[in-house]
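Quick notes on the structure that follows.
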Amino acid sequence: MAVFHRMKSYSRVFAATLVTCTVLVIIYSTLTLEVAGTHRDLPDISVKPGIDHPTFRVRPATADVKPNQVQISHVRTLAIQVSPGFRSAIPQSSAFWNRKLHSGLKTLDKAGNLTQPDINGNSTPESTESLQTNIADFNAYPSLYQDFLRSMHFRSPDVLINQPNKCTSRGKPDQVTLLLGIKSVPGNFEERQAVRETWGQEGVYEDSLLVRTVFLLGRSGSDDPDLTHLLSFEAQQFEDLLVWDFKDSFYNLTLKEHVFIKWSLQHCPQASFIFKGDDDVFVNTKAILKYLKSLEPAKMSKLYVGQIISQASPHRDPKIKYYVPPTFYDGPYLPYAGGGGFVFSGALLESLFSISRYIPFYPIDDVYTGMCFHALGIPPEKHSGFQTFDIREQDRGNPCVHRDLLVVHRRSPQQAIRLWRSMKSPLLMC
Ligand SMILES: *[C@@H]1O[C@H](CO)[C@@H](O)[C@H](O)[C@H]1NC(C)=O
Ligand SMILES: *[C@@H]1O[C@H](CO)[C@@H](O)[C@H](O)[C@H]1NC(C)=O
């Protein structure tokens with residue numbers, strides 16, 4: 001009994017401490033967000049906005065970058081043309097997605113070049129009745145698929161944790177060469193830390209190339225342990241987490257991509273290039289920068305590069321993660337860069353964001369991205385250094401092999417750290 005009483009009072013003390021700490025964390029994180037611009041100043045950034053760098057076209061920063069601004073209600077969209085190639089590549093069929101796309105395009109054609117679904121990009125939600133009417137076997141869809149369909153109109157979740165000063169110093173936009181957007185999930189603390197300690201290190205590379213890193217997260221599900229406090233601590237400590245108010249799940253990865261593009265437009269539109277990939281890949285950041293530097297000027301503003309998957313079609317076996325019901329999508333996949341890691345030009349952010357309003361969300365994010373680039377008339381570029389399905393087993397621990405690669409899937413946090421160390425070692429002989 002006494003033990004029980006003491007436990008009760010301990011737990012009261014504990015609860016009180018927890019509440020106090022939470023309040024302090026909130027106050028502190030508000031403060032850090034406000035001063036973040038001043039303590040992330042980096043030495044020796046020789047590239048200044050508005051000045052043309054010999055190897056990178058430096059776009060003048062747009063007026064959208066405002067320090068300390070937590071959320072801008074909407075971003076500008078461009079009048080946009082959907083490529084004829086894309087229109088004809090997606091069959092006009094009775095499958096739900098195909099019908100949704102083509103009826104959207106018809107509306108677009110009738111209304112002229114631009115009328116938006118709505119200011120936030122949300123279209124009208126489909127009721128279950130409407131889904132059952134339009135998809136004969138909707139009730140037989142896996143329940144996660146049904147969830148996806150019910151929420152596929154939803155494009156504007158709130159930002160729960162933001163880094164509005166990620167790409168600015170002293171209130172001015174930094175000339176970011178490469179922005180790394182890394183898909184993670186709330187529980188992957190170790191993966192994120194390994195990335196921070198290795199290929200995701202922020203700073204100036206090769207004397208002038210500035211790299212910035214953000215991790216892209218949704219919320220944990222309602223049955224998962226509550227990681228909110230750990231995440232706000234992590235965000236405050238490292239200033240690299242972006243968390244949005246949607247359930248972090250496989251079928252919501254297209255939504256994650258969409259909000260990342262929107263975030264980049266709002267807070268890092270001056271980035272020359274954007275890498276998007278998983279937290280369990282190994283990236284040779286220096287090799288990527290070297291490759292980007294070697295690009296012809298014409299390519300720099302129109303790049304979409306990675307491991308290209310062409311001639312793929314949807315999986316029709318419900319047991320497979322990438323399953324797509326025939327009554328949902330009909331047709332081949334357009335060539336796309338594997339979502340484990342790919343790179344594109346920052347100059348394309350605005351067009352990508354604009355075009356995506358006319359392309360309904362797809363349950364598989366990299367397939368969706370491929371469609372958007374296709375609709376913009378930008379073909380994917382193949383590069384053999386992107387190995388999103390991994391390399392020969394005997395080469396997987398070999399730092400020499402990794403020196404020539406740009407992206408490899410997948411490496412554990414420990415493998416990433418070992419590889420990074422040996423690749424940096426002056427003793428390494430290849
Ligand atoms: C269509 O685009 C042209 C040029 O981009 C623009 O001048 C015109 O106002 C646009 N029309 C509509 C309806 O948005
Ligand atoms: C995606 O996120 C939304 C918002 O949290 C949620 O309602 C929906 O169920 C999620 N979709 C899936 C397939 O998890």
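Below, each value reflects all heavy atoms present in this structure, side chains not excepted, and no hydrogens, waters or symmetry copies. Keep in mind that this is a model prediction, so the values were computed, not measured. Read the numbers this way: they start at 1 and go in the same order the structure lists the ligands and their atoms.
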List every atom of ligand 2 that sits less than 4.0 Å from any heavy atom of Phe246, numbering the atoms from 1 in the order shown and giving each element.
2 (O), 4 (C), 5 (O)
Among Tyr333, Phe96, Tyr145, find the residue that satisfies the ring pair (Phe, Tyr, Trp, His ring centres under 6.0 Å) test when tested with Tyr362.
Tyr333
Give the residue and atom name of whichever protein heavy atom lies nearest to atom 9 (O) of ligand 2, and the separation in Å to one decimal.
Asp147 CB, 4.0 Å
Return the residue, atom name and 0.1 Å-rounded distance of the protein heavy atom closest to atom 5 (O) of ligand 2.
Lys247 N, 3.0 Å
Going by the order shown, which atoms of ligand 2 are within less than 4.0 Å of some heavy atom of Tyr251?
13 (C)
Can you confirm whether or not the ring centre of Phe250 sits under 6.0 Å from the ring centre of Tyr322?
yes
Does one side chain, of Ser169 or Asp174, offer a donor that lies under 3.5 Å from an acceptor on the other?
yes
Is there any N or O on Asp245 that sits under 3.5 Å from an N or O of ligand 2?
no
Aromatic ring proximity, centroids under 6.0 angstrom, His409 and Phe282:
no
Distance filter under 4.0 Å to Ser249 heavy atoms, resulting ligand 2 atoms
12 (C), 13 (C), 14 (O)
Note: Arg219, heavy atoms under 4.0 Å from ligand 2, region reported as side chain
Show the numbers, then the answer: is there a salt bridge (charged side-chain N to carboxylate O under 4.0 Å, His left out) between Arg410 and Glu191?
CA-CA 11 Å; Arg410 68 178 291 224; Glu191 281 76 1; 5.3 Å; no
Going by distance alone, is a donor N or O of one side chain under 3.5 Å from an acceptor N or O of the other, for Gln415 and Arg418?
no
What are the atoms of ligand 2, with element, lying closer than 4.0 Å to any heavy atom of Leu144?
13 (C)
Checking Asp245, Asp158, Asp224 against Arg219 for salt bridge (charged side-chain N to carboxylate O under 4.0 Å, His left out), the one that qualifies is Asp245
Numbering the atoms of ligand 2 from 1, which are under 4.0 Å from a heavy atom of Asn252?
1 (C), 2 (O), 3 (C), 8 (C), 10 (C), 11 (N), 12 (C), 14 (O)
The protein heavy atom nearest to atom 8 (C) of ligand 2 is Ser151 OG, 3.6 Å
